[in-house]
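Labels below follow one simple rule: chain letters A, B, ... track the order of the sequence lines, proteins then strands, and each chain is numbered from 1.
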Amino acid sequence: MATQEVALQGKKELAPSQERTEAGKFYSPYTDIYETNDAVVVAMEVPGVERSAIDIRLDKGVLTVTGNVDPKRYEDVAPIYSEYNVGNFVRSFTLSTKIASDEISASVADGVLTVRLPKAKEALARRIEIK
Amino acid sequence: MVLRIGDPFATLLSVQRAMDNAMQRDWFGPLTSGRGAYPPVNVFERGEDFEIVAELPGVKKEDLDIQVKGATVRIHGKKTVEYSDQASAHRRERVGGEFDRTLTLPAQIDAAKVSADYRDGVLTLKLPRAESERPRSVTIN
């Protein structure tokens, strides 16, 4: 199989329409969303964010994920050359499927956060038998 | 400018400003290394030593290969973005594949003392300057 090279994407800074009271840069994490038979799965790239600094909320059908980077790791260093900047991550999605909010689970590995949103019973697809 | 972090609210902003300034710099100068290759890196100076930081979300530790020789650092690896067969995609923004980037620093590195740390999708390489590159005080007779 031919190997594909990773394309350079650059980080997507948050659009000014989502202005915030806090100063500084916020980034919109690159996200994949896919659906299986029983759940909607959201995978987000949040490099540099520790498990404890991730906040996931589901309110009125809007899923909001916030991830804060720890500025302490940049203590006592002098930046001499830079190709990307750092900032907190934030992104929201309006879910079009009913979710069983009690059963949401999330995991993080190597800077990728995976949120699994199981579909509510009434939203599960049903196979229709033809009589 | 060395970053000193006091006020917890001003910290991230000061890091971002310092990085913005460093973004204009053509630090590699006439060396072969340049911008535009994956992964993007930031270079820091900690005392006399260098630190290279790269964001590699989704790359497994065992899929990363780091080599150092002289003043050259090679970061080589594979990023996998995988799903189960039954999944249907709503949105696909993440990109996977192989990468191989070589950086040449303007000073020799002590390859035996290089250390690498990979946590939360961020690779940090600590690169001490070679003994021959360290400054010596000269006594005036």
Exercise: identify the closest heavy-atom pair between [X] and [Y]:
{"X": "A/Gln9", "Y": "B/Glu93", "value": "NE2-O, 2.7 Å"}
{"X": "B/Gly121", "Y": "A/Pro47", "value": "O-CB, 3.9 Å"}
{"X": "A/Leu8", "Y": "B/Ala37", "value": "CD1-O, 3.6 Å"}
{"X": "B/Ala87", "Y": "A/Tyr34", "value": "CB-CD1, 3.2 Å"}
{"X": "A/Phe93", "Y": "B/Arg91", "value": "CE2-NE, 3.5 Å"}

Top residue by heavy-atom pair count (under 4.5 Å) with chain A, among [options]?
{"options": "B/Arg46, B/Arg94, B/Lys60", "result": "B/Arg94"}
{"options": "B/Lys79, B/Gln24, B/Arg17, B/Arg25", "result": "B/Arg25"}
{"options": "B/Asn21, B/Val41, B/Asp49, B/Val95", "result": "B/Val41"}
{"options": "B/Gly47, B/Pro40, B/Gly58", "result": "B/Pro40"}
{"options": "B/Val43, B/Val81, B/Asp20", "result": "B/Val43"}

Practice task
Decide yes or no for A/Val69 and B/Leu12: does some side-chain heavy atom of the first lie under 4.5 Å from some side-chain heavy atom of the second?
Solution key: yes
Handout entry: Flag side-chain contact, heavy atom, 4.5 Å: A/Val86 against B/Met19
Key = yes
Spatial distance of atom [atom1] ([X]) from atom [atom2] ([Y]) [nearest 0.5 Å]:
{"X": "B/Met23", "Y": "A/Ser82", "atom1": "CE", "atom2": "OG", "value": "3.5 Å"}
{"X": "B/Ile52", "Y": "A/Tyr81", "atom1": "CD1", "atom2": "OH", "value": "10.0 Å"}
{"X": "B/Leu56", "Y": "A/Glu45", "atom1": "CG", "atom2": "CD", "value": "10.0 Å"}

Does the [X] side chain pair with the main chain of [Y], one donor and one acceptor, at a distance under 3.5 Å?
{"X": "A/Glu83", "Y": "B/Asn42", "result": "no"}
{"X": "B/Glu45", "Y": "A/Ala78", "result": "no"}
{"X": "A/Asn85", "Y": "B/Gln16", "result": "yes"}

Non-hydrogen atoms of chain B under 4.5 Å away: do they reach the side chain of [X], the backbone, both or neither?
{"X": "A/Ala43", "result": "both"}
{"X": "A/Val49", "result": "backbone"}
{"X": "A/Asn88", "result": "both"}

Exercise for the section: Evaluate the side-chain contact (heavy atoms from CB on, under 4.5 Å) criterion for residues B/Asp120 and A/Arg51: first the C-alpha distance (whole Å), next the side-chain angles of each, then the deciding distance (0.1 Å), finally the verdict. Expected result: CA-CA 8 Å; B/Asp120 302 322; A/Arg51 181 189 298 261; over 6 Å; no
Is there a path from [X] to [Y] through hydrophobic residues (I, L, V, M, F, W, Y) whose side chains come within less than 4.5 Å of each other?
{"X": "A/Tyr30", "Y": "A/Phe89", "value": "no"}
{"X": "A/Leu63", "Y": "A/Val41", "value": "no"}
{"X": "A/Ile56", "Y": "A/Tyr27", "value": "yes"}
{"X": "B/Leu103", "Y": "B/Trp27", "value": "yes"}
{"X": "A/Val112", "Y": "A/Leu117", "value": "no"}

Fill in the blank from the handout: Per-residue tally against chain B (heavy atom, under 4.5 Å) across A/Thr31, A/Asp32, A/Thr36, A/Asn37 peaks at A/Asp32
With a cut-off of 6.0 Å (strictly less than), are more than 12 heavy atoms of other residues, nucleotides or ligands near [atom1] of [X]?
{"X": "A/Ile130", "atom1": "CD1", "value": "no"}
{"X": "A/Lys11", "atom1": "NZ", "value": "yes"}
{"X": "B/Lys61", "atom1": "NZ", "value": "no"}

Completion exercise
Okay, B/Glu51 and chain A: the region with an atom under 4.5 Å from a heavy atom over there is side chain
Exercise for the section: Decide if the gap between the ring center of B/Phe44 and the ring center of A/Tyr74 is smaller than 6.0 angstrom. Expected result: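 Yes.
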Problem - Proximal to chain A - members of residues 122-141 of chain B, heavy-atom separation under 4.5 Å - result: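 If one takes a 4.5 Å heavy-atom cut-off, the residues of residues 122-141 of chain B near chain A are B/Val122, B/Thr124.
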